[in-house]
Amino acid sequence: MKFTNQEGIEIVETIIACIQKNRDYLSEIDGAIGDGDHGINMNKGFTLAKEALTGKENMSTGFQIISKMLMSKIGGSMGPLYGNFFRGLYVASKQHEEIDGQIIGEMLDKAYDNIKKISPAKVNDKTLVDVLDPAIYAYHKEFDASQDVNKALTEMVGASQAGLEATKHMVAKLGRASRLGERSKGHQDAGATSAQLILESFADGCKKLLR
Amino acid sequence: MKFTNQEGIEIVETIIACIQKNRDYLSEIDGAIGDGDHGINMNKGFTLAKEALTGKENMSTGFQIISKMLMSKIGGSMGPLYGNFFRGLYVASKQHEEIDGQIIGEMLDKAYDNIKKISPAKVNDKTLVDVLDPAIYAYHKEFDASQDVNKALTEMVGASQAGLEATKHMVAKLGRASRLGERSKGHQDAGATSAQLILESFADGCKKLLR
Amino acid sequence: MQRFVNHADFIVEDMMKGIEKARPELEILSENDHVMKLKAAPIASKVGLVSGGGSGHEPAFLGYVGHQMLDAVAVGEVFSSPPAQAFYDAFMSVDSGNGVACLFGNYAGDNMNVKMAVDMCLDEGVEVKYVVATDDVSSSPKETKEKRHGIAGGVFMWKVAGAKASQGATLDEVIRVAQKTVNQTRSICVGLSSCTIPAVGKPNFHIDEGKMEFGIGHHGEPGMHVEDLKSAKDIAKDMVKAVVDDLEVKADETLSVIVSGLGATPIMELYVLYNDIESELQARNINIDKVLVGNYVTSLDMNGAALTIMRMDDELHELLEVEADSMGLRV
Amino acid sequence: MQRFVNHADFIVEDMMKGIEKARPELEILSENDHVMKLKAAPIASKVGLVSGGGSGHEPAFLGYVGHQMLDAVAVGEVFSSPPAQAFYDAFMSVDSGNGVACLFGNYAGDNMNVKMAVDMCLDEGVEVKYVVATDDVSSSPKETKEKRHGIAGGVFMWKVAGAKASQGATLDEVIRVAQKTVNQTRSICVGLSSCTIPAVGKPNFHIDEGKMEFGIGHHGEPGMHVEDLKSAKDIAKDMVKAVVDDLEVKADETLSVIVSGLGATPIMELYVLYNDIESELQARNINIDKVLVGNYVTSLDMNGAALTIMRMDDELHELLEVEADSMGLRV
Ligand SMILES: Nc1ncnc2c1ncn2[C@@H]1O[C@H](COP(=O)(O)OP(=O)(O)O)[C@@H](O)[C@H]1O
Ligand SMILES: Nc1ncnc2c1ncn2[C@@H]1O[C@H](COP(=O)(O)OP(=O)(O)O)[C@@H](O)[C@H]1O
Ligand SMILES: [Mg+2]
Ligand SMILES: [Mg+2]
Ligand SMILES: [Mg+2]
Ligand SMILES: [Mg+2]
């Protein structure tokens with residue numbers, strides 16, 4: 001099962017559309033225990049990326065454009081965090097004409113590693129790491145066992161949803177919400193929410209193309 | 001029919017109590033076409049006067065205290081206007097041990113004259129003059145005809161009410177409301193309202209004492 | 001009412017005490033706790049400069065007491081003229097024998113109280129002359145512009161007269177430049193939401209969400225009209241038109257400009273508005289000299305902004321260049 | 001949302017253009033429209049001073065670019081850190097070969113972006129060191145005070161470091177006084193009502209009428225507790241206690257003080273509050289050196305106030321005495 005890097009640009013478009021659609025939803029979630037701008041920040045970056053797409057990109061260079069826009073135009077925490085995440089997706093795929101389950105796994109690893117490099121966030125700190133960590137782990141577990149990329153992507157999405165759900169019961173240790181201490185419990189984390197949306201639309205995009 | 005200047009201090013107290021009671025009402029009326037503080041201004045001045053009363057005043061020196069407080073502590077338009085008004089009530093009565101219908105008429109004249117000295121307001125400008133002018137005229141008309149001070153006071157109150165009512169149909173020519181032009185129509189004037197209350201409680205106070 | 005206040009009836013007194021403590025150059029007059037004066041005043045051989053008016057417009061009026069600015073200010077209750085006694089005490093406290101100029105804002109109460117105080121000073125042999133600011137173009141039609149109220153334009157009047165007086169000018173010279181400033185200054189306000197007098201405790205008036213009041217007064221006096229809330233660009237256009245037309249400013253003339261917030265307007269937005277005002281003036285080929293953007297004359301917690309323009313000439317330019325040091329303006 | 005705005009998504013760009021037009025000493029960097037710099041920078045043989053942060057706190061941060069203050073500021077979207085690229089461009093634009101000090105507010109985004117930009121500069125051979133303000137005592141317990149956010153205390157940091165740099169100090173000396181300022185500065189905020197991010201269009205959080213939020217953050221981050229709205233006197237008491245206890249200020253020590261409005265608070269009330277704060281410090285036999293009351297670091301249209309104290313010593317006193325000239329602070 002694979003698809004070409006050229007076709008993969010559709011995945012980039014799917015992710016952008018997903019973030020744009022969830023602008024208000026993400027801000028609303030951030031409003032509960034943050035400053036209510038997560039959707040605005042994300043939407044602005046992904047919309048700028050969409051405008052920067054020339055139609056000539058493949059999946060890798062599409063991710064590169066998202067990364068550049070986030071890093072140079074968005075700032076906030078999301079600029080560096082997701083900027084590095086998408087740079088990982090770009091770097092790990094750019095030399096491949098065809099994308100298969102093995103390469104998808106490498107892309108996810110590189111993206112997550114890049115976040116770990118700049119953020120002290122650990123599992124249970126109530127951040128996007130609480131979605132990324134179990135989801136990417138689940139992807140590898142399933143793919144290693146069955147070599148079935150579709151199944152692995154499905155496992156990843158399931159784990160991302162569970163990870164997101166779990167953030168509701170965590171006390172925030174980083175970012176604005178951390179000053180709430182115990183009171184941050186009961187609310188889903190905003191960054192984890194966008195991470196879940198990104199992984200799910202990434203998986204959806206891949207599944208549509210894989211044959 | 002008369003009362004002593006000594007007893008007359010009750011009239012001073014009646015007027016003060018009346019203004020205090022109507023604090024919010026006066027502000028509300030001022031709010032429609034002015035800046036909504038007429039009741040506050042009046043209440044502050046009359047309350048300071050009440051606190052300054054030592055218990056040794058007669059009617060004249062009671063009015064003098066109101067006048068002084070308004071002039072030195074209140075400011076606004078009301079400080080000079082009512083400050084001069086009450087100075088008139090004081091000056092025209094201070095040499096009389098006994099107060100009768102004749103002296104009441106002189107007091108009202110002097111008070112009104114003092115306002116005319118500092119304000120350009122004419123009848124129909126939508127100010128307190130629209131209450132004072134017809135009310136004091138009515139007092140004299142009745143007293144000259146019947147020499148009945150009670151009846152004259154009743155006529156005065158009636159004319160003050162009619163004068164107040166009439167302000168609703170006027171276009172303000174002076175003060176803050178004047179910038180509204182035609183739009184000031186349909187609203188009763190705040191200063192006219194307090195003038196009506198003052199004349200009515202003055203009349204009530206006199207009637208209680210006159211024997 | 002969400003306010004930092006002890007007893008609303010004494011908010012002015014509490015504020016004055018706070019200012020006296022925060023500003024070493026100022027003092028409350030010992031004879032009258034509603035007068036704020038420059039400790040250094042009276043200044044030998046200088047004309048005394050006084051203003052006064054209701055409170056709630058901070059930093060006006062008392063924030064403009066300072067070096068090369070005002071010598072004293074009579075402080076009224078919120079939105080209410082100070083009593084004649086306060087003006088009188090202010091005048092007397094700053095007279096160095098060279099007379100006093102009273103520069104105030106043309107509200108009915110202020111007019112009556114200033115005139116009474118001027119008479120009282122005359123009895124003591126102290127000469128006081130006065131000039132009333134009439135910059136608010138929406139407060140009366142052009143034919144009766146002597147009835148107009150003074151708003152943020154007062155800042156130019158105080159700055160210019162303060163500079164002139166500091167140069168040793170006579171009372172008549174100070175009065176002349178102050179009157180010239182008034183003649184060449186126009187303002188207009190736009191209100192986006194109401195303000196609350198602390199002692200009243202509820203909003204003074206009401207502007208519907210999505211509406212704006214063009215030409216609103218500094219105490220919420222109704223403006224020229226209420227209309228749908230426009231973009232900053234379109235508001236700037238209307239404001240510029242209102243003042244430039246009234247003052248009959250022609251291409252190639254030079255103006256100085258104040259954009260003042262009315263109290264609750266974020267500073268960010270004042271600059272957004274100024275950006276469009278400047279573009280609008282540029283488009284009319286009007287030159288810009290000095291620019292002040294900030295909270296210069298406010299209306300408690302009103303959300304809104306005022307635009308003030310002054311037609312410049314060499315004399316006014318030089319006087320604006322003189323250093324000034326007060327709480328409200330330091331240049 | 002009652003606002004002076006064109007397109008909410010471009011409010012920061014519009015504001016920056018307005019500031020550039022209104023302030024002749026400032027310019028938007030030609031390479032990056034999210035950097036505001038002093039035209040005069042880089043200043044020969046002076047360490048470059050840079051700050052940056054989200055917008056909506058005006059006059060912070062860009063209002064503190066000025067003579068003897070900051071040389072440039074990286075400007076983020078409303079309540080959002082500027083990108084690394086903006087910090088990088090700001091650093092590079094003010095380096096005169098003597099290195100650059102970046103003095104910012106310790107929010108997660110700023111930290112990541114500054115560090116990325118510092119690395120980028122290193123690649124170009126430009127040395128950038130940084131200090132983070134951590135004055136907000138309510139943002140983290142004392143045991144983890146390195147996690148605290150920087151709020152109005154930044155003004156003291158920029159003033160002190162700006163003065164030091166202007167005297168020709170080395171980068172390490174500038175960093176030392178900036179860090180000392182941070183170590184000796186504490187702040188606390190009280191919120192009375194919410195603020196609205198223009199692009200969001202509805203209030204960020206909610207405070208019930210009659211309640212106040214003690215220790216609220218500069219973006220509406222929840223505070224230590226919500227309680228019934230107290231008198232100014234009692235609020236002042238609690239605020240003074242929060243900062244004085246945390247800094248362990250003892251009798252006879254000397255502090256400098258800032259009382260900053262959060263955007264929509266009438267200036268009148270800031271002085272009412274300062275009056276009570278001063279009384280409270282007096283009652284503890286604490287001396288007061290410099291006092292700043294006004295809108296120094298705001299949060300859009302939030303109604304509320306911040307109290308900042310800095311423990312003084314001879315060096316800090318002298319540096320605060322140095323003249324400074326910026327939009328937000330002129331002394
Ligand atoms: N240091 C960090 N490392 C990883 N994720 C973080 C960190 N700080 C914050 N986050 C994530 O960022 C999210 C908030 O993002 P956003 O609202 O866009 O930024 P901001 O908090 O600057 O307003 C949080 O929900 C959390 O998941
Ligand atoms: N020049 C004037 N002469 C007489 N009465 C006046 C004048 N100006 C205002 N008034 C009266 O004052 C009233 C308003 O009083 P008040 O609200 O206390 O003062 P302010 O208008 O200064 O807030 C008006 O309703 C009007 O009757
Ligand atoms: Mg956020
Ligand atoms: Mg009134
Ligand atoms: Mg009034
Ligand atoms: Mg944010």
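On a predicted model such as this, the values are computed, not experimentally measured, just so you know. Letters A, B, ... are given to chains in the order of the sequence lines, protein chains preceding strands, and every chain is numbered from 1.
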C:N113 side, atom CG; B:S77 side, atom OG - distance, nearest 0.5 Å: 8.0 Å

Is C:P82 in contact with chain B via its backbone, its side chain, both, or neither, using a 4.5 Å heavy-atom distance? backbone

Nearest heavy-atom contact between B:R183 and C:M224 is NH2-O, 4.0 Å

Between B:G75 and C:S80, which heavy-atom pair has the shortest distance, and what is it? C-OG, 4.3 Å

Measure C:D136 against the heavy atoms of chain B and call it side chain, backbone, both or neither at under 4.5 Å. side chain

Any side-chain to backbone donor/acceptor pair from B:K73 onto C:P83? Under 3.5 Å, distance only. no

Is chain B contacted by the side chain of C:A86, its backbone, both, or neither, given a heavy-atom distance below 4.5 Å? neither

As an exercise, state the distance from OH of C:Y88 to CE of B:M71, rounded to the nearest 0.5 Å. 13.5 Å

Do C:N204 side-chain atoms and B:G31 backbone N/O form a donor-acceptor pair below 3.5 Å? no

Engaged part of C:H34 at the chain B interface, taking heavy atoms whose separation is under 4.5 Å: neither

Straight-line distance of C:D9 CG to B:T47 OG1, nearest 0.5 Å: 8.5 Å

Tell me, side chain or backbone of B:I74 under 4.5 Å from chain C's heavy atoms, or both, or neither? backbone

Taking the side chain as C-beta and beyond, is there a heavy-atom pair between B:D37 and C:V78 under 4.5 Å? no

Working to the nearest 0.5 Å, report the span between CD1 of B:I118 and CE of C:M116. 6.0 Å

Roughly how far, to the nearest 0.5 Å, is the OG atom of B:S72 from the CG atom of C:N32? 8.5 Å

dist C:F79:CZ -> B:D30:CG (nearest 0.5 Å) comes out at 12.0 Å

